Amino acid sequence: MPAAEGAVPPEVEAKEKMDRARAYLRAGEELEAAIALCDEVYRRFTLSKVPALQLQVARALGLRGAAMGELERLPEALVHFDEVERRFWSPRRPELWEGVAWGMLYRARVLLDLNKEGMCTNWLERMLSRFGAVAQRPDLRVPVEMARTAMLVAHNMGQRFEEALSQSELLLKGYDGSTDPFLVEQTAVALVQRAFALQGLGHVDEALEAFDEVDVRYCESTDPRMRTVVSTALMGRAIVLLQEEFLPEALGAIDAILEYAGPSPERRLMEPVNFAKFHREVVERELELERERAARRPKPPPLAKPKPR
């Protein structure tokens with residue numbers, strides 16, 4: 001039935017709701033509100049045969065699953081991605097590919113959170129095989145490029161550090177220097193994953209420089225995703241310094257995490273903040289023990305003055 005004169009068409013209304021849900025998800029806040037929007041679109045339009053509405057139903061399932069992943073309801077999240085794949089994937093339905101691509105990307109992220117790196121890699125490879133050749137389509141460009149940077153995370157998690165390093169450097173050749181806000185974000189992600197790869201390969205000085213570069217370049221950004229990347233880089237720097245037992249420097253890096261997060265950290269910054277709070281106590285205790293051991297050491301006798309000739 002056509003929309004009444006002056007009424008918002010249902011496909012426009014559904015898209016606006018899903019765009020709002022994705023904005024909530026990107027910010028990492030109001031996730032229950034995002035889930036409620038997804039539920040409404042799914043309930044109202046799940047039986048529709050209109051392609052534009054089917055796309056929004058696919059988005060609703062994917063976004064709901066992603067929000068549940070953020071809320072750590074991980075096994076439940078995977079059910080939603082299964083339904084996207086079952087109902088909406090077809091090589092003959094390119095008008096629905098956007099919803100399928102996002103569902104595959106969200107699934108890969110949830111699998112990483114479940115420490116199922118191998119399964120995550122398989123899904124990212126499947127997604128890039130499906131959509132990589134049409135990645136310049138405006139509706140597919142963002143999820144496909146995010147899949148490429150997500151692959152760097154999977155490589156590092158799987159300790160494939162050489163692969164992570166070479167692919168991050170390849171991506172940076174295409175991303176770095178762009179003023180497109182999306183590519184700036186992907187540059188930051190690739191830089192921090194390059195730093196983790198260098199760390200994994202034992203290139204300590206280069207890794208520290210790489211983590212520092214992320215901090216220096218992006219610390220002023222107020223975007224929630226960028227703040228997550230910077231906080232991750234600060235934590236990476238602290239981990240390297242702890243592993244190398246540079247305790248005073250590590251304490252400074254730990255304090256930088258807490259200072260960056262501020263007194264009321266966003267939810268996505270809580271992992272680095274909790275890491276910093278725990279290790280701050282450990283490092284302070286170890287430094288205090290070192291000071292006590294130094295105070296107990298006998299002082300060497302003074303050097304004898306040379307006798308006059």
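None of these values were measured; they are calculated from a predicted model. FYI, side chains are in, hydrogens and waters are out, and symmetry mates aren't considered; it's all heavy atoms of this structure.
- Val153 and Phe211 fall into different hydrophobic clusters, where Ile, Leu, Val, Met, Phe, Trp and Tyr residues are linked whenever their side-chain heavy atoms come under 4.5 Å apart, directly or through other members.
- A 4.5 Å side-chain heavy-atom check between Leu152 and Arg194 finds every atom pair outside the cut-off.
- A continuous path of hydrophobic side-chain contacts links Val184 to Leu172 [ILVMFWY only; heavy atoms under 4.5 Å].
- Looking at Glu288 and Arg291, a side-chain N of the basic residue comes within less than 4.0 Å of a carboxylate O on the acidic one, giving a salt bridge.
- Between Val84 and Gly62, the closest heavy-atom pair is CG2-N, 3.9 Å.
- For residues 106-118, the pairs satisfying salt bridge (charged side-chain N to carboxylate O under 4.0 Å, His left out) are Asp82-Arg107, Glu117-Arg160, with sequence neighbours left out.
- For the pair Gln56/Arg59, a side-chain contact is recorded, criterion being any heavy-atom separation below 4.5 Å from C-beta on.
- Using a 4.5 Å cut-off on side-chain heavy atoms (C-beta onward), Met146 and Phe182 make contact.
- The shortest distance between side-chain heavy atoms of Leu124 and Cys120 falls below 4.5 Å.
- Both Leu25 and Leu61 are members of a single hydrophobic cluster when ILVMFWY side chains are connected at heavy-atom separations under 4.5 Å.
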For this session: Go through the steps for Glu206 and Gln199 under the test side chain to side chain contact (heavy atoms under 4.5 Å, CB included), then give the verdict.
Result: CA-CA 8 Å; Glu206 290 179 73; Gln199 175 195 349; over 6 Å; no
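- Using a 4.5 Å heavy-atom cutoff, the side chains of Glu284 and Arg280 are in contact.
- A salt bridge between Glu185 and Arg26 is present, with a side-chain N of the basic residue lying under 4.0 Å from a carboxylate O of the acidic one.
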For this session: Any chance you could lay out the side chain to side chain contact (heavy atoms under 4.5 Å, CB included) test for Phe275 and Leu242, step after step, and finish with the verdict?
Result: CA-CA 12 Å; Phe275 165 90; Leu242 286 168; 3.9 Å; yes
For this session: Quick one: do Leu191 and Arg217 satisfy side chain to side chain contact (heavy atoms under 4.5 Å, CB included)? Show the steps, please.
Result: CA-CA 10 Å; Leu191 282 170; Arg217 288 176 63 166; 3.6 Å; yes
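- Applying the ring-ring contact (aromatic ring centres under 6.0 Å, His included) test to residues at least two apart or on different chains, the pairs with a partner in residues 100-143 are Trp89-Phe131, Trp97-Phe131, Trp102-Tyr106.
- By the 4.5 Å heavy-atom criterion applied to side chains, Glu70 and Arg267 are counted as neighbours.
- The shortest side-chain heavy-atom distance between Leu198 and Leu208 does not fall under the 4.5 Å cut-off.
- Taking the charged nitrogens against the carboxylate oxygens, Glu145 and Arg141 have no contact shorter than 4.0 Å, which rules out a salt bridge.
- Taking all atoms of both residues into account, the shortest heavy-atom contact from Leu63 to Met18 is CD1-O, 3.6 Å.
- Taking each heavy atom of Arg227 and Ser221 in turn, the nearest pair found is CG-O, 3.6 Å.
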Distance-only donor-acceptor pairs under 3.5 Å for side chains of residues 34-41, two or more places apart:
unit_1, atom_1, unit_2, atom_2, d
Asp39, OD1, Arg64, NE, 2.4
Asp39, OD1, Arg64, NH2, 3.4
Asp39, OD2, Arg64, NH2, 3.4
Glu40, OE2, Arg44, NH1, 3.3

Problem set entry | CA sep, side-chain torsions, deciding dist, call: Arg148, Val144, side chain to side chain contact (heavy atoms under 4.5 Å, CB included) | CA-CA 6 Å; Arg148 289 183 173 130; Val144 168; 3.8 Å; yes
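- The minimum heavy-atom distance between Tyr42 and Ala60, with the atom names listed, is N-CB, 4.4 Å.
- Closest heavy-atom contact between Leu31 and Tyr24: CD2-O, 4.3 Å.
- With salt bridges taken as basic N to acidic carboxylate O contacts below 4.0 Å, none links Arg137 and Glu98.
- Checked against a 6.0 Å centroid threshold, the rings of Phe196 and Phe161 do not count as neighbours.
- Residues Val273 and Ala261 share a closest heavy-atom pair of CG2-CB, 3.4 Å.
- Hydrophobic cluster membership is shared by Met119 and Leu114, with clusters built from Ile, Leu, Val, Met, Phe, Trp and Tyr side chains linked at under 4.5 angstrom.
- Under the 4.5 Å side-chain criterion, counting only non-hydrogen atoms from C-beta, Glu169 is not in contact with Lys173.
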